[in-house]
There are 2 protein chains.
Amino acid sequence: MILSKSCEYGIRAAVYIAYKSSKGLKAGITEISDEIGSPVHFTGKILQQLSRKKVISAIKGPNGGYFIENSANVYLVDIVRAIDGNELFSACVMGLKNCSDLRPCPMHEQIKPVRTQLLIEFSKKSVQELVQDYEQNKYFLK
Amino acid sequence: MILSKSCEYGIRAAVYIAYKSSKGLKAGITEISDEIGSPVHFTGKILQQLSRKKVISAIKGPNGGYFIENSANVYLVDIVRAIDGNELFSACVMGLKNCSDLRPCPMHEQIKPVRTQLLIEFSKKSVQELVQDYEQNKYFLK
DNA sequence: ACAATAACGGATAAAAATATCTTTTATAAT
DNA sequence: ATTATAAAAGATATTTTTATCCGTTATTGT
């Protein structure tokens, strides 16, 4: 798996939250985990992470819940970085300490463009785009 | 991380084993884990996996150890598949059950070429090639 | 003020990955 | 045959990831 399970949940949750936000509504944890097929409390933790990192917004209390102001400005890379960190885009594929552009491992030059491409794709895909496909029933969130 | 720690160890161990084999020698677990900087017994388990899957060969007893007959015919993808399986090259990046070419998730088309490229790179790099760079001190195995 | 709501935070648990230790099995050399 | 060697196999431990539970805090509406 390229992304952790947490990160997968995070992306799917963000899409659903943004979808609700586009309708002027907030989304609650139960509703979200229900919709994306994830464990409720675990999802809560992930949403906390995203909230702290300002990827999504949260409001407590009645009529509270999660929302995303401007999903066009939230890119998948933001979610990936918030949850899985930057290792996916940077760590040596052979796990070597000293691997770098200057002293590359034998897979370095081959993997670098792949990683770059991965970063590019996650960087240019906004949550809003995912919402649009979701609204058109092009896929389910679970 | 793209690969599991087990898989990283597996690749590095294979390189060292093939390196020794190219000198007509076998490599023991202690020597291997020493050379690649991995926990001895854990490395033993990984080598067992690789041995069962015929990626490497093992002989018990005195003068025994691990070796690789023909490292030019062992590709990194063989090691990755033996240890991490095929998920890296196939599983949906959003973790969706029904994601496929026919009913793609919104990242499917973007990630597919990346995955394919990853598969290609691991498929065309043989352990022998890694050994050659290693012999020329282009990198260390830890 | 009070009650209801919903996210937050801390504690705990289960599962998977990583790591260690011990015993068994196969092989080789004496 | 006996002993030494080295991988195989099994048992256990630790760490990380994933998952659950419960009390707290902030907010809303009455």
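Bear in mind the structure is a predicted one, so any value in this text is a computation, not a measurement. Chain letters run A, B, ... following the sequence lines, proteins first and then strands; every chain starts at 1.
Residue A:Lys5 places none of its side-chain N or O atoms closer than 4.0 Å to OP1 or OP2 of C:dA15. Distances shorter than 4.0 Å separate some side-chain N or O of A:Asn63 from OP1 or OP2 on D:dG29. Contact between the side-chain N/O atoms of A:Tyr9 and the OP1/OP2 oxygens of D:dT18 is not found at any separation under 4.0 Å. OP1 or OP2 of D:dA8 lies within a sub-4.0 Å distance of a side-chain N or O belonging to B:Ser51.
Between B:Gln49 atom CD and C:dT18 atom P there is a gap of 10 Å when expressed in whole angstrom units. Spacing between atom CZ of A:Phe42 and atom P of C:dG10 amounts to 17 Å, rounded to whole angstrom units. Atom CD of A:Gln48 is separated from atom P of C:dG10 by 9 Å (rounded to the nearest Å). Atom CD1 in A:Ile32 sits roughly 12 Å away from atom P in C:dA6 (whole-Å rounding). Here the P atom of nucleotide D:dA8 and the NZ atom of B:Lys53 are 14 Å apart, to the nearest Å. Whole-Å rounding puts the A:Tyr66 OH to D:dT27 P distance at 14 Å. The nearest whole Å value for the distance from the CD1 atom in B:Ile17 to the P atom in D:dA6 is 15 Å. Remark: C1' of C:dG9 and NZ of A:Lys60 are 9 Å apart, rounded to the nearest angstrom.
A 4.5 Å side-chain heavy-atom check between B:Phe122 and A:Ile111 finds at least one atom pair inside the cut-off. Side-chain contact between A:Tyr19 and A:Ser71 is absent, with no heavy-atom pair separated by less than 4.5 Å. Using a 4.5 Å heavy-atom cutoff, the side chains of B:Lys20 and B:Ile32 are not in contact. Between B:Ile120 and B:Gln117, some side-chain heavy-atom pair lies under the 4.5 Å cut-off.
Considering only side-chain atoms of B:Arg52, the nucleotide from D:dA19, C:dA19, D:dA9 that sits closest is D:dA9. Counting only heavy atoms from C-beta on, B:His41 has its side chain closest to C:dT22 among D:dT20, C:dA7, C:dT22.
Using a 4.0 Å heavy-atom distance criterion, B:Ser6 is classed as a sugar-phosphate-only contact. Contacts of B:Ile29 with the nucleic acid, taken as non-hydrogen atoms under 4.0 Å apart, involve only primed sugar atoms and P, OP1 or OP2. Using a 4.0 Å heavy-atom criterion, one finds that B:Thr30 contacts no nucleic acid atom at all. Residue contacts for A:Ile59: at a heavy-atom cut-off of 4.0 Å it reaches the sugar-phosphate backbone alone, with no base atom in range.
Remark on DNA chain D: of its neighbouring residues B:Ala27 and A:Val40, the 5'-side contact belongs to B:Ala27, judged by nearest-heavy-atom nucleotide. Of the residues near DNA chain C, A:Pro62 and A:Lys45, the one whose nearest nucleotide (by heavy atom distance) lies more toward the 5' end is A:Pro62. Each of A:Gly64 and B:Gly28 has a nearest nucleotide on DNA chain D; the 5'-most of these lies closest to B:Gly28.
Axis angle, first five pairs versus last five pairs of the helix from C:dA1-D:dT30 to C:dT30-D:dA1: 0°, rounded to 10°.
Salt-bridge formation is not detected for the pair A:Asp78/A:Lys53: no Lys NZ or Arg NE/NH1/NH2 atom is positioned less than 4.0 Å from an Asp or Glu carboxylate oxygen.
B:Gln132 and B:Gln136 share no donor-acceptor pair across their side chains, judged by distance under 3.5 Å alone.
At least one donor-acceptor pair closer than 3.5 Å links the side chain of B:Ser21 to the backbone N or O of B:Ile68.
Under the 30°/60° scheme for interplanar angles, the aromatic rings of B:Tyr139 and B:Tyr134 are found to be tilted.
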